[in-house]
**Q** 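Take this structure first; my questions come after.
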2 protein chains.
Amino acid sequence: MTSTRFESIRELPLFAEMTEESFDILTRGAYVQNFPPNMVMITEGEAADFLHIVQSGCVELFSSWTNRETSVTTLYANSTFILAATMKDRVNLMSARTLQKSRIIMIPSENVRDVFASDPAFALAIVDELARCYRATIRNMKNLKLRTSIERLANYILKQHHRQGDAVAYQLPIEKRRLASYLGMTPENLSRAFNNLKPHGVVVDGQTITITDMTKLTAFAKPDVLID
Amino acid sequence: MTSTRFESIRELPLFAEMTEESFDILTRGAYVQNFPPNMVMITEGEAADFLHIVQSGCVELFSSWTNRETSVTTLYANSTFILAATMKDRVNLMSARTLQKSRIIMIPSENVRDVFASDPAFALAIVDELARCYRATIRNMKNLKLRTSIERLANYILKQHHRQGDAVAYQLPIEKRRLASYLGMTPENLSRAFNNLKPHGVVVDGQTITITDMTKLTAFAKPDVLID
DNA sequence: TCACCTGCTTGATAAATGTCAAGCCAGACC
DNA sequence: GGTCTGGCTTGACATTTATCAAGCAGGTGA
């Protein structure tokens with residue numbers, strides 16, 4: 001049984017509904033790999049030979065042009081990446097690096113395309129995941145084009161607050177310099193943006209964010225279900 | 001035969017490979033509608049009841065937040081839109097307006113989801129289209145985050161040049177104020193950006209763009225297959 | 001314990017981009 | 001032909017954001 005090694009992902013939405021046979025075919029030739037922190041595992045422009053799934057740890061997708069670099073997103077356990085390039089059999093548009101020691105499952109892209117064609121439940125799950133990622137990217141772009149950097153930060157702080165169980169104080173999940181890049185600004189500018197949010201009810205101490213006045217912060221951030 | 005009204009889209013990649021029966025089911029309850037120019041046909045936040053296809057004319061997808069608005073993309077004949085929201089049965093994240101008199105085919109979202117589940121060829125076409133749009137959006141975001149507005153304009157000029165058959169001079173396909181919004185800048189700034197490109201081999205006269213020095217322009221724009 | 005990283009912050013300054021106001025100009029319409 | 005309109009352009013200025021340089025601080029390892 002090849003699949004026993006991959007039981008941990010069997011319950012993920014992407015794989016939960018497919019037949020046992022399909023899952024076997026899918027995981028044939030798949031393998032698990034451990035990466036140390038800060039390791040570039042995928043470089044943009046390379047062929048997408050494997051669908052990747054974060055089993056544990058943390059992966060950043062980023063992209064470069066000339067001498068500039070930008071963080072696109074950060075992925076945690078149970079996230080998939082390289083799905084679109086896998087399905088279209090094209091090169092990756094983004095690079096990927098580990099931020100922590102990470103365990104990654106790699107499934108041959110060919111298997112994914114084969115099973116997509118033969119297992120309707122898997123096809124549905126793939127399209128669902130793809131549409132979800134697409135919509136997340138549209139939201140991201142709206143965020144970038146419609147808001148200033150301070151507004152983006154304010155909304156990020158609110159979103160994290162909800163993700164971390166509505167605690168008044170919480171820890172930033174990533175380094176500030178990566179957050180800055182994700183939000184489309186420089187680290188210096190992020191520092192100043194945090195200061196600018198003080199009168200709007202946010203206090204920062206190291207990695208700890210404390211929302212001192214939710215009403216003020218929400219009034220300033222104006223979160224929107226169609227962006228955030 | 002319901003489908004005769006929709007023969008014009010039968011040959012599109014999205015519908016070409018599906019069975020005749022599936023196409024019949026898909027177009028049941030579908031209809032064609034004519035819109036005048038500058039008509040908002042879809043408002044973000046509304047349910048995505050129909051998959052839309054531009055049969056003729058021109059449609060702009062755009063988005064708003066507070067009192068700001070941004071152009072996301074412009075679609076011409078044979079383009080589909082609202083595909084991701086249709087597949088996930090969610091609200092639209094973008095609004096759509098006609099830029100010219102346009103003829104739009106509308107297919108009930110329910111039909112799309114039903115046929116997706118029953119016709120593997122259609123499923124494959126859907127996932128292909130979705131992945132294509134997703135990747136286009138990633139490119140768009142990289143363009144926005146990694147380049148200045150002048151660099152974005154330079155690359156836009158190069159891309160249009162190729163699209164319009166490598167002619168030395170060509171007409172801008174959209175109004176400058178919409179181009180400005182698409183590129184993430186103000187109309188005033190676009191005007192100045194055109195002026196800034198003069199020493200890099202671009203002359204503008206109204207809607208006409210003339211590339212006077214391709215070498216210089218390319219050297220400045222540094223187009224990249226992973227963005228453009 | 002201390003030195004030394006590395007990432008963060010702050011200040012000074014520059015560059016990019018946006019805003020406001022005015023004028024220009026081509027096309028639409030009477 | 002003349003007027004009007006809307007989009008485009010230009011100038012002056014404000015704001016936002018980036019850059020450069022320096023200093024700070026918390027964690028790591030000798």
Side-chain angles (χ1 to χ4, degrees), chain A residues 36-38 60 65-71 74 97 99-101 143-157 171-200 202-209 220, chain B residues 36-38 60 65-71 74 97 99-101 143-157 171-200 202-209 220:
Chain A
N38 210 33
E60 177 187 45
W65 180 74
T66 63
N67 62 345
R68 298 167 214 169
E69 180 184 310
T70 188
S71 176
T74 309
R97 75 161 70 89
L99 295 186
Q100 309 165 2
K101 183 170 174 297
N143 193 31
L144 281 166
K145 290 184 80 174
L146 291 168
R147 288 175 173 156
T148 66
S149 59
I150 303 179
E151 288 165 345
R152 292 198 292 274
L153 177 60
N155 281 289
Y156 177 87
I157 289 171
Q171 302 291 111
L172 284 178
I174 52 172
E175 287 172 292
K176 285 183 184 168
R177 67 202 178 104
R178 291 186 207 283
L179 175 57
S181 179
Y182 169 70
L183 293 174
M185 58 210 276
T186 58
E188 294 94 327
N189 203 8
L190 178 64
S191 242
R192 290 184 246 270
F194 273 123
N195 288 334
N196 283 326
L197 284 181
K198 217 169 278 175
H200 297 291
V202 176
V203 170
V204 184
D205 179 30
Q207 296 272 103
T208 307
I209 307 293
F220 176 78
Chain B
N38 211 34
E60 177 188 43
W65 180 73
T66 62
N67 62 345
R68 298 167 215 169
E69 181 183 309
T70 189
S71 176
T74 308
R97 75 161 70 90
L99 295 186
Q100 308 166 3
K101 184 169 173 300
N143 194 30
L144 281 166
K145 288 184 82 174
L146 290 168
R147 289 175 173 156
T148 66
S149 58
I150 302 178
E151 288 166 344
R152 293 198 292 276
L153 177 60
N155 280 289
Y156 177 86
I157 289 171
Q171 302 292 112
L172 284 177
I174 53 173
E175 287 172 291
K176 285 182 184 168
R177 66 200 179 106
R178 292 188 205 281
L179 175 58
S181 178
Y182 168 71
L183 293 175
M185 58 209 278
T186 58
E188 295 95 326
N189 203 7
L190 177 64
S191 241
R192 290 186 247 267
F194 273 123
N195 287 335
N196 283 326
L197 285 181
K198 216 169 279 176
H200 297 290
V202 176
V203 169
V204 184
D205 178 30
Q207 297 273 103
T208 307
I209 307 292
F220 176 79

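Only a predicted model underlies this, so the values are computations on that prediction, with no experimental measurement involved.
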**Q** Rounding to a whole Å, what distance do you find between A/F194:CZ and C/dT9:P?
**A** 7 Å
**Q** Could you state the CZ-P distance from A/R192 to C/dT13, rounded to the nearest angstrom?
**A**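 Interatomic distance, CZ of A/R192 to P of C/dT13: 13 Å.
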**Q** At less than 3.5 Å, do the side-chain atoms of B/E188 and the base atoms of C/dC20 form a donor-acceptor pair?
**A** yes
**Q** Could you tell me whether A/T186 contacts a base, only the sugar-phosphate backbone, or nothing, with contacts defined as non-hydrogen atoms closer than 4.0 Å?
**A**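 Here A/T186 touches the bases of the nucleic acid.
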**Q** How long is the line joining CG of B/L183 and P of C/dA16, in whole Å?
**A**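 Value for this atom pair: 17 Å.
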**Q** Figure out the CG/C1' separation between B/L144 and C/dA16, and round it to whole Å.
**A** 15 Å
**Q** Both B/E175 and B/N189 contact DNA chain D. Taking the nearest nucleotide for each, which residue is further toward the 5' end?
**A** B/E175
**Q** Just how far, in rounded Å, is P of C/dT17 from CE of A/M185?
**A** 16 Å
**Q** If you apply the rule side chain to side chain contact (heavy atoms under 4.5 Å, CB included), what do you find for B/L99 with B/R178, and how did you get there?
**A** CA-CA 10 Å; B/L99 295 186; B/R178 292 188 205 281; 3.4 Å; yes
**Q** Checking B/K176 side chain against B/Q207 main chain: does a donor-acceptor pair fall under 3.5 Å?
**A**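 Looks like no, no N/O pair under 3.5 Å.
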**Q** Send over the distance from B/R68 CZ to C/dT17 P, rounded to a whole Å.
**A** 17 Å
**Q** Going 5' to 3' on DNA chain D, which nucleotide is the first and which the last to come under 4.0 Å of a heavy atom in chain A?
**A** D/dT17 to D/dC20
**Q** Run the numbers on A/Y156 and A/L183 for side chain to side chain contact (heavy atoms under 4.5 Å, CB included), then give the verdict.
**A** CA-CA 9 Å; A/Y156 177 87; A/L183 293 174; 4.2 Å; yes
**Q** Without swapping roles, check the side chain of A/K145 against the backbone of B/Y182 for a donor-acceptor pair under 3.5 Å.
**A** yes
**Q** Apply side chain to side chain contact (heavy atoms under 4.5 Å, CB included) to A/E188 and A/S191, showing your working.
**A** CA-CA 5 Å; A/E188 294 94 327; A/S191 242; 5.7 Å; no
**Q** How long is the line joining CG of A/L99 and C1' of C/dG7, in whole Å?
**A** 15 Å
**Q** Where is the tightest heavy-atom contact between A/R152 and A/L144, given as atom of each residue plus distance?
**A** NH1-O, 3.5 Å
**Q** Please determine whether side chain to side chain contact (heavy atoms under 4.5 Å, CB included) holds for the pair B/R68 and A/T148, giving the CA-CA distance in whole Å, both sets of side-chain angles, and the decisive distance to 0.1 Å.
**A** CA-CA 11 Å; B/R68 298 167 215 169; A/T148 66; 4.3 Å; yes
**Q** Rounded to the Å, how far apart are B/L153 CG and C/dT17 P?
**A**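 In whole Å, C/dT17 P and B/L153 CG are 11 Å from each other.
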